[in-house]
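The figures that follow rest on heavy atoms only: side chains count, while hydrogens, waters and symmetry mates do not.
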Amino acid sequence: MKKALITGVTGMDGSHLAELLLEKGYEVYGLERRCSTPNRTNTAHLKNKVKFVEGDLTDQISLVRCLRDIKPDEIYNLAAQSFVYWSFFTPEQTSDVNGLGVLRMLEAIRESGIKTKFYQASTSEMFGKVQETPQNENTPFYPRSPYGVSKLYGHWITKNYRESYDMFACSGILFNHESERRGIEFVTRKITDGVARIHLGLEEHITLGNLDAKRDWGYAPDYVEAMWLMLQQDTPNDYVISTGKTHSIKEFLSYAFEHIGITDWSEYVKQDPRYMRPAEVDVLLGDSTKAQTELGWKPKTSLKEMVGKMVANDIKKLKNENR
């Protein structure tokens with residue numbers, strides 16, 4: 001039986017990946033920072049299936065100890081300070097976890113002496129002020145936030161360790177992807193939760209920032225399959241994972257409101273400059289040809305389907321809470 005260690009297992013991607021690996025017969029371990037009240041909401045249905053171990057990306061000794069104890073066949077590094085907007089207010093902490101945290105994990109692999117395959121969660125935010133459209137594995141990077149810059153360090157240090165120490169280390173440059181488990185602080189979930197509240201008569205409007213920003217949105221369960229496929233290859237490589245279709249925040253809003261029978265949503269949405277980024281990324285569009293050709297991967301869920309799932313789930317969730 002293969003062993004897999006997932007950092008950030010209680011996050012959106014981590015919980016979906018844990019489900020996938022358990023279905024494939026893996027023994028799944030989740031790295032978890034010590035805290036008084038662990039948040040395991042996304043993995044509550046996997047209780048007694050995922051084995052939680054203590055460790056922290058800001059503490060290399062804890063990582064070495066963890067790897068020596070478990071000896072995982074595969075490591076998926078999904079832990080991060082992943083809220084782009086907040087990275088402008090916590091640039092040092094964001095860099096420590098997202099950048100140096102990757103270095104610590106790679107060094108822990110080297111120090112522990114285990115033979116494992118390593119996956120690093122890179123991001124389309126590294127492209128930032130895009131130099132070409134669509135973006136692929138060869139597109140120059142131009143990050144526009146502390147989050148994007150920190151992720152770029154993690155991406156390059158992964159490549160450096162792969163080439164310097166002959167490690168099986170690869171990065172998935174994932175474009176925006178969402179699911180019902182997305183955190184409420186993210187704009188997509190803020191929209192679907194807000195639409196659900198409007199539908200139930202709990203709120204009258206949603207307050208957002210830039211409505212014209214465009215993203216290449218996919219569905220998280222589809223994307224974690226690509227992560228797994230990368231570590232099943234004979235040779236490590238980096239891959240862009242995307243749908244190849246771009247949509248604006250306005251389109252996302254339209255699909256969300258359409259789910260509750262509203263076609264003209266203008267009176268339900270307000271804009272507030274406080275939610276604007278200091279440096280905006282306007283258009284992200286990925287070219288996942290390489291992943292589709294070499295991994296045999298392709299996105300399965302449309303944006304409309306995904307948004308519908310998210311709104312329906314938030315309506316159900318709010319009904320249960322109010323009950």
Asker: List for me each residue that meets side chain to side chain donor-acceptor pair (under 3.5 Å) alongside K316, sequence neighbours excluded, and say none if there are none.
Answerer: none
Asker: side-chain hydrogen bond (donor to acceptor under 3.5 Å, both in side chains) between D314 and T192: does it pass, once the steps are laid out?
Answerer: CA-CA 7 Å; D314 278 326; T192 60; 2.7 Å; yes
Asker: Quick one: do W86 and T94 satisfy side chain to side chain contact (heavy atoms under 4.5 Å, CB included)? Show the steps, please.
Answerer: CA-CA 9 Å; W86 191 246; T94 298; 5.8 Å; no
Asker: Is any side-chain heavy atom of N39 closer than 4.5 Å to one of T10?
Answerer: no
Asker: If I take atom CG from residue N98 and atom CD from residue E125, how far apart are they, to the nearest 0.5 angstrom?
Answerer: 11.5 Å
Asker: Can you list everything that forms a ring pair (Phe, Tyr, Trp, His ring centres under 6.0 Å) with F252? Sequence neighbours excluded, please.
Answerer: W217
Asker: Using a 4.5 Å cut-off between side-chain heavy atoms of Ile, Leu, Val, Met, Phe, Trp and Tyr, which other residues end up in the same hydrophobic cluster as V102?
Answerer: L5, Y29, L31, V53, L57, L63, L67, I70, I75, V97, L100, L103, M105, L106, I109, I114, F118, Y153, I157, Y161, Y165, M167
Asker: Run the side chain to side chain contact (heavy atoms under 4.5 Å, CB included) check on L208 and V187 step by step: do they pass?
Answerer: CA-CA 8 Å; L208 303 170; V187 65; 4.0 Å; yes
Asker: Measure the CD-OG distance between E107 and S112 for me, rounded to the nearest 0.5 Å.
Answerer: 10.0 Å
Asker: Please collect all salt bridge (Lys or Arg N to Asp or Glu O under 4.0 Å) contacts where either partner lies in residues 10-19, sequence neighbours excluded, each pair once.
Answerer: E19-R181
Asker: Among residues at least two apart in sequence or on other chains, which ones pass ring pair (Phe, Tyr, Trp, His ring centres under 6.0 Å) with F168?
Answerer: none
Asker: Do any pairs count as a ring pair (Phe, Tyr, Trp, His ring centres under 6.0 Å) and have a residue in residues 289-308, sequence neighbours left out, and if so which ones?
Answerer: Y223-W297
Asker: Taking a hydrophobic cluster as the set of Ile, Leu, Val, Met, Phe, Trp and Tyr residues connected by side-chain heavy atoms closer than 4.5 Å, whether directly or through intermediates, do V224 and V28 fall within one such cluster?
Answerer: yes
Asker: Kindly give the heavy-atom pair with the smallest separation between S179 and P221, and that separation in Å.
Answerer: CB-CD, 4.2 Å
Asker: Which ring pair (Phe, Tyr, Trp, His ring centres under 6.0 Å) pairs, counting each pair once, include a residue from residues 181-208, with sequence neighbours left out?
Answerer: F83-F186
Asker: Drop me the distance from N320's CG to I315's CD1, to the nearest 0.5 angstrom.
Answerer: 12.0 Å
Asker: Just verifying a value: how many Å separate I241 CD1 and D238 CG, rounded to the nearest 0.5 Å?
Answerer: 10.5 Å
Asker: Check side chain to side chain donor-acceptor pair (under 3.5 Å) between T43 and all other residues, then give those that pass, not counting sequence neighbours.
Answerer: none
Asker: What is the distance from atom CD of Q81 to atom NZ of K151, rounded to the nearest 0.5 Å?
Answerer: 10.0 Å
Asker: Closest approach of Y147 and S82, non-hydrogen atoms and distance?
Answerer: CE1-CA, 3.6 Å
Asker: At what distance, to the nearest 0.5 angstrom, does OG1 of T301 lie from NE2 of H177?
Answerer: 12.5 Å
Asker: Taking CG in L202 as the centre, count heavy atoms belonging to other residues, nucleotides or ligands within less than 6.0 Å. Is the count above 12?
Answerer: yes
Asker: Report yes if the side chains of E185 and Y85 come closer than 4.5 Å at any heavy-atom pair, otherwise no.
Answerer: no
Asker: List for me each residue that meets side chain to side chain donor-acceptor pair (under 3.5 Å) alongside Y219, sequence neighbours excluded, and say none if there are none.
Answerer: E180
Asker: Taking the side chain from Q120 and the backbone from C170, do they hold a donor-acceptor pair closer than 3.5 Å?
Answerer: no
Asker: Quick one: salt bridge (Lys or Arg N to Asp or Glu O under 4.0 Å) pairs with a partner in residues 291-301, sequence neighbours left out?
Answerer: E225-K300
Asker: For the residue pair K290 and Y239, would you count it as a cation-pi contact if the rule is NZ or CZ under 6.0 angstrom from the ring centre and within 45 degrees of the ring axis?
Answerer: yes
Asker: Got a salt bridge between E305 and K309, using NZ or NE/NH1/NH2 to carboxylate O under 4.0 Å?
Answerer: no
Asker: What pairs with K24 under salt bridge (Lys or Arg N to Asp or Glu O under 4.0 Å), at least two apart in sequence or on another chain?
Answerer: none
Asker: Is the F127-F141 ring centre distance short of 6.0 angstrom?
Answerer: yes
Asker: Which residue pairs pass the salt bridge (Lys or Arg N to Asp or Glu O under 4.0 Å) test with at least one member in residues 82-99, sequence neighbours excluded?
Answerer: D96-R104
Asker: Could you tell me which non-hydrogen atom of L46 sits nearest to which non-hydrogen atom of S15, and how far apart they are?
Answerer: CD1-O, 4.1 Å
